[in-house]
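Chain letters run A, B, ... following the sequence lines, proteins first and then strands; every chain starts at 1. Excluded from the calculations below are hydrogen atoms, water molecules and symmetry mates; all remaining heavy atoms, backbone and side chain alike, are included.
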Amino acid sequence: MRPPRVISFSQKLSKWDLKFSPYLYISPFFLMFAVVGLFPIAYTAVISFMDWDLVRNSGEFVGFDQYIWILTQPHFWTALRNTFSIFVLSSVPQLILAIFIAAVLDRNIRAKTFWRMAVLVPYVVAPVAVGLIFNAMFADKSGLINSWLEVIGISEIPWHVEPFWSHVAIATMVNYRWVGYNALILLAAMQAVNRDYYEAATVDGAGPIRQFFSITMPSLKPTLIFVIITSTIGGLQIFDEPRVFDQFGRGGAGQQWLTITLYLYDIGWGQWNFGRAAAMAWILFIIILGIGLINLLVTRTVVRDEGMRSELGKRQQKRAARAAKKQVKESQR
Amino acid sequence: MSIGTPPPLAIVESGIPNAAARRRGAKTIRIRGSRPGIWAYATLGVVFLSAVFPLYWSFVIGSGDSTTLRGDFPWIPGGNFISNAISVMTNPAVNFWPALWNSIYSSFIIAAAVVITSTLAGWAFAKLRFLGGPALLVFVVATMAVPQQLGVVPLYILFADLGWTGEIGAIIIPALTSAFGVFWMTQYLQQAVPDELIEAARVDGASMIRTFWTVGVTAARPAAAMLFLFTFVGAWNNFFWPFIVLDRQNPTLPVALSLLQSNYFVDYSVVLAGVVLATIPLLLLFIFAGKQLVSGIMAGAVKG
């Protein structure tokens, strides 16, 4: 047996190494994150209670005045309505289309990789570029969409005049860019579903539609929640597409497509009022939190996950499927 | 088992009458693995066309002249793309070449820095035990829900104080870290590296940094490549903050594109030629790395 030794320097070093290394590894992230991520968030709250003076670069405390000012602006309520309208018009069809496309991609198709890549093409196109392309397509006077509508006997739609139609046009841009991306996320979740369930369900006599709603949808639930939350966060912040929907970038002559973020930009860098812009940012954040929470609750209630969740049920279904197949084979002999 | 014997218990329990199961099964035991019919390909074809059509159309308009948009839609590109592209490149209000260069190098630096900071932090969160680690990780993930708008006012004030408004550094610095990146790397490293491997390295006398370098970085490579791609695409396409903090003299491509349209009389053939020019670099990237992007989205989703 060796005699006990005094702890050597290198061993000490190794102990410190073990203890402090983790902090060393997270420090580059957290140092940067604190300066350009956390500090601005906190400081926005401070500024939102101030009447910010750009020249002196400091502010005078005014309490909730900036918040009250915003909440009493008609433009704010218009922007809120527009943002919600565009959000609903984009997220609902987007989700339905994405699920549908994912379900098709989930079939045993040929050239899988090609199709998956194909649906992702719009994702790499910048939102500003998408905005410019669709702005031209939706041109009021004989834009591509209107001339197609004419062919099928529908009169020109004033895409840049009517609030609702401008929202449809902008929502189309959002859908164009995000449907494929979300379809791939949902596809990943679909592929994780055990194929035995479908076999069992087929044996049970459930058709494809019944299978989709009783097996696929409940299994998608966590992913659906993820997709809905991320598209809520993104959708309520929409700026790029409405900004380039006309050449003036101010949300239309009558604020038809003024969104909350466009309004925030205008208050901050059009009217140069940072106190109000900061208050607007906090209001937007609270709205996002609220809607995100509502979405979470609604999704959790609407998408059921009973039935296939119990382990016993799964086993039984599998056993049933196997037995039934075997029986069929025997009977065919 | 012959036809006459009673069905197994499981079938009785799950309520399938024996005869019915046999009848249905004999005709159509359709397993989902079978090849789908023509309608599936038709659907995908429509999806594919609607994905690429707007790009093709912008090329068609971008290769026409200023009257093209107003006429009937020509299906075939015109001959003016080069001249339109040149007028985009030489337009003094747009600064196309500086914008292209700014986009390339800022996106590159941002993506590289995010990969480095995220891999380091992700390794610590995934594989090292330290006081406050789990709580910090939850905190980082929670900040992913915070909108970008919540930070822009103080950031603008900060960069104005530094005299950096209009400088490309003002868009690089705030983007050097990413909460999503840390989350992504943590998730990946957690399941990609068995703890035994780290223990073995430690027993062999490797220091923490050496363990990180030989075990961590090696294992992280695929996830790091994907994180790089996503961050690059995101940085390239980012608009809101660059639009606020950069000016016309020194824009990135999306900012330059938005400037193309800010006149009373918009020549869409030039605007869309600019869109095509600005989109080509990322389409090239997509052709080379589209597969990785796809598998990255799919991998991220399973865990997310």
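- For chain A, the nearby part of B:Trp39 is the side chain; its heavy atoms alone come within less than 4.5 Å.
- Only the side chain of B:Thr143 comes within contact range of chain A, judged by heavy atoms closer than 4.5 Å.
- Residue contact with chain B, scored on non-hydrogen atoms closer than 4.5 Å, involves the backbone and the side chain of A:Ile109 alike.
- Proximity to chain A (any heavy atom under 4.5 Å) is restricted, for B:Val47, to the side chain, taken from C-beta onward.
- Atom CE of A:Met32 is separated from atom OG of B:Ser178 by 12.0 Å, given to the nearest 0.5 angstrom.
- Heavy atoms of A:Asp240 lying under 4.5 Å from chain B belong to its backbone as well as its side chain.
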- Criterion side-chain contact (heavy atoms from CB on, under 4.5 Å) on B:Trp57 and A:Ile133, from CA distance to verdict: CA-CA 8 Å; B:Trp57 182 80; A:Ile133 295 171; 4.1 Å; yes

For residues 275-285 of chain A, dump all side-chain donor-acceptor pairs below 3.5 Å to protein atoms at least two apart in sequence or in another chain.
none

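- For B:Leu131, the parts sitting under 4.5 Å from any heavy atom of chain A are the backbone and the side chain alike.
- For B:Ala40, the parts sitting under 4.5 Å from any heavy atom of chain A are the backbone and the side chain alike.
- Ring centroids of A:Trp148 and B:Phe53 are separated by less than 6.0 Å, placing the two rings close together.
- Both the backbone and the side chain of B:Ser258 come within less than 4.5 Å of a heavy atom in chain A.
- In this structure the side chain of B:Phe139 reaches within 4.5 angstrom of the side chain of A:Leu38, judged on heavy atoms.
- Residue B:Asp161 touches chain A through its side chain alone, counting heavy-atom pairs closer than 4.5 Å.
- The side chain to side chain contact (heavy atoms under 4.5 Å, CB included) search around B:Ala289 returns B:Leu229, B:Gln292, not counting sequence neighbours.
- A:Tyr43 contributes no side-chain N or O that, together with a main-chain N or O of B:Gly151, makes up a donor-acceptor pair within less than 3.5 Å.
- Looking at A:Ile41, both its backbone and its side chain come within 4.5 Å of chain B, counting heavy atoms on both sides.
- Both the backbone and the side chain of B:Leu44 come within less than 4.5 Å of a heavy atom of chain A.
- Only the side chain of A:Phe239 comes within less than 4.5 Å of a heavy atom in chain B; its backbone stays farther off.
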- Query: Are B:Phe286 and A:Tyr123 close enough, and set up right, to give a ring pair (Phe, Tyr, Trp, His ring centres under 6.0 Å), and what steps lead you there?
  - Reply: CA-CA 10 Å; B:Phe286 185 74; A:Tyr123 169 72; 8.6 Å; no

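- Interface remark: B:Thr211 contributes no atoms to any contact with chain A (heavy atom separation under 4.5 Å).
- Using a 4.5 Å cut-off between heavy atoms, B:Val276 makes no contact with chain A at all.
- In this structure, chain B has a heavy atom under 4.5 Å from the side chain of A:Thr113, while its backbone stays farther away.
- Note that CZ of B:Phe243 and OH of A:Tyr265 are 4.0 Å apart. Values are rounded to the nearest 0.5 Å.
- Residue B:Leu285 does not touch chain A at all, counting heavy-atom pairs closer than 4.5 Å.
- Residue B:Leu260: no heavy atom, backbone or side chain, is found under 4.5 Å from chain A.
- Of the two parts of B:Val146, the backbone and the side chain both hold a non-hydrogen atom closer than 4.5 Å to a non-hydrogen atom of chain A.
- Side-chain atoms of A:Leu24 and B:Phe212, non-hydrogen and from C-beta on, never get closer than 4.5 Å to each other.
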